There are 2 protein chains.
Amino acid sequence: MGYSIGEVAARTGLTAHTLRYYEKEGLLPFVSKNRSGMREYSRQDLAWLSMIECLKASGLQLKEIAQYIGWFKEGDSTLKQRLQLFQKRRAVVEQEVMKLHKILDKLTYKEALYREAVALGSLDAAMQKPEMQALKEMLFQKPDDFDQLVEDED
Amino acid sequence: MGYSIGEVAARTGLTAHTLRYYEKEGLLPFVSKNRSGMREYSRQDLAWLSMIECLKASGLQLKEIAQYIGWFKEGDSTLKQRLQLFQKRRAVVEQEVMKLHKILDKLTYKEALYREAVALGSLDAAMQKPEMQALKEMLFQKPDDFDQLVEDED
DNA sequence: CTAAAGCTTAGAGTTCGCTTTAAGGCAAGC
DNA sequence: GCTTGCCTTAAAGCGAACTCTAAGCTTTAG
């Protein structure tokens, strides 16, 4: 019954230190301890860790996560705040995904360029190739960001 | 002529302080200065800043970006390293996008759950609803991560 | 029975990426 | 001429999220 801190560390990839740190910061207020003072993590505690990871990945700071947990403990009077938080996080993550797709376009172009450059032994020669210029235009034709107003950096 | 540090700051959203800091860290080794010692940024410098932003967004640390710039300055003898770097970054960003899609699923579920909870005035009542349980199953039927092995945290 | 592994606490230290401070030079507008 | 604002440098400070240290207790394997 219950997982030791070491087991939870192994399962989550966090260290035991980090788990205690989270607890200190108010992120895991439900963890119980046995008679000799050792932590015993329940399945619910693991679920909370999973939620913490989700909120962290969505860009929330630990103290904001602690606040969410505070709301949860307050009960149904804080439902609106929690709804707003999830709406906001979803919007933020959707933005981030869009940003990463642009980053991916740029990296794809660079990868193709350098693959050609390695083949030719020369970056300049690769940049001269019409295929490369065509690829660049295909990926960056929408001039919606500052990046495209300037030349290649290399 | 070229851009002053203030103009570049306004354009990029970075502060003048940050631009000088980047230079100190070896990220902008091409910026020239006028007779009175002030920085004059060229179009190429702006392009480098755009590349720096891209690599930063791909998860690279500043000192790793500085190393990439070092490779660029060394010339065609470092083409392979640079190609490998872009391949690696693309893989990392693709992973990150996949991770964020999972995060998005979870946030979508939570948002729907809390929307219902706000309507009903009770989280427990919302969790009881068959629609919510159906949505949860729809989003999380693939048991490929630890998250799904445990119950809801709330 | 003893040693090693793993747990406890409080608190100091580390890394990253800025961010601010201190002390001062130059250039344009009133 | 003087103030305002932007520029220069070197260096100290900061917030986030760990990460490690110290000192000591408990449990388990040999």
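In what follows, chains carry the letters A, B, and so on, assigned in the order in which the sequence lines appear, proteins first and then strands, with residues in each chain numbered from 1. Because the structure is a prediction, the values reported are computed rather than measured.
Distances shown here put a side-chain N or O of B:R39 below 4.0 Å from the OP1 or OP2 atom of D:dT9. Taking side-chain N and O atoms only, B:Y21 has no distance below 4.0 Å to OP1 or OP2 of C:dT20. For D:dA17, the OP1/OP2 oxygens have no side-chain nitrogen or oxygen of A:K24 closer than 4.0 Å. Listed pair B:K56 / C:dC18 meets the phosphate criterion, a side-chain N or O lying under 4.0 Å from OP1 or OP2. Phosphate proximity of D:dC7 to B:S4: present, with a side-chain N or O under 4.0 Å from OP1 or OP2.
The residues B:K63 and B:E25 are annotated as not salt-bridged, no charged nitrogen and carboxylate oxygen being separated by less than 4.0 angstrom. Between A:R39 and A:E23 a salt bridge is recorded (basic side-chain N to carboxylate O distance below 4.0 Å).
Place A:T15 and B:K33 on DNA chain D by their nearest nucleotides, and B:K33 ends up nearer the 5' end.
No close placement of the A:F30 and A:Y41 rings is indicated, their centers lying 6.0 Å or farther apart. Within the 6.0 Å centre-distance limit, the rings of B:W48 and B:F72 are counted as a close aromatic pair.
With distances taken from any side-chain atom of B:K63 to the nucleotides C:dC16, D:dC20, C:dT9, the minimum falls on C:dC16. Closest to the B:R20 side chain, of the nucleotides D:dT9, D:dC20, D:dA16, is D:dT9.
A straight line from CG of B:L28 to P of C:dG17 spans 15 Å, rounded to a whole angstrom. Atom CG in B:L19 sits roughly 12 Å away from atom P in C:dT19 (whole-Å rounding). Rounded to whole Å, atom C1' of D:dC6 lies 11 Å from atom NE2 of B:H17. The distance between atom CD of B:E23 and atom C1' of D:dA10, rounded to the nearest whole Å, is 14 Å.
Nucleic acid contact class of B:E25 (heavy atoms, under 4.0 Å, all strands): none.
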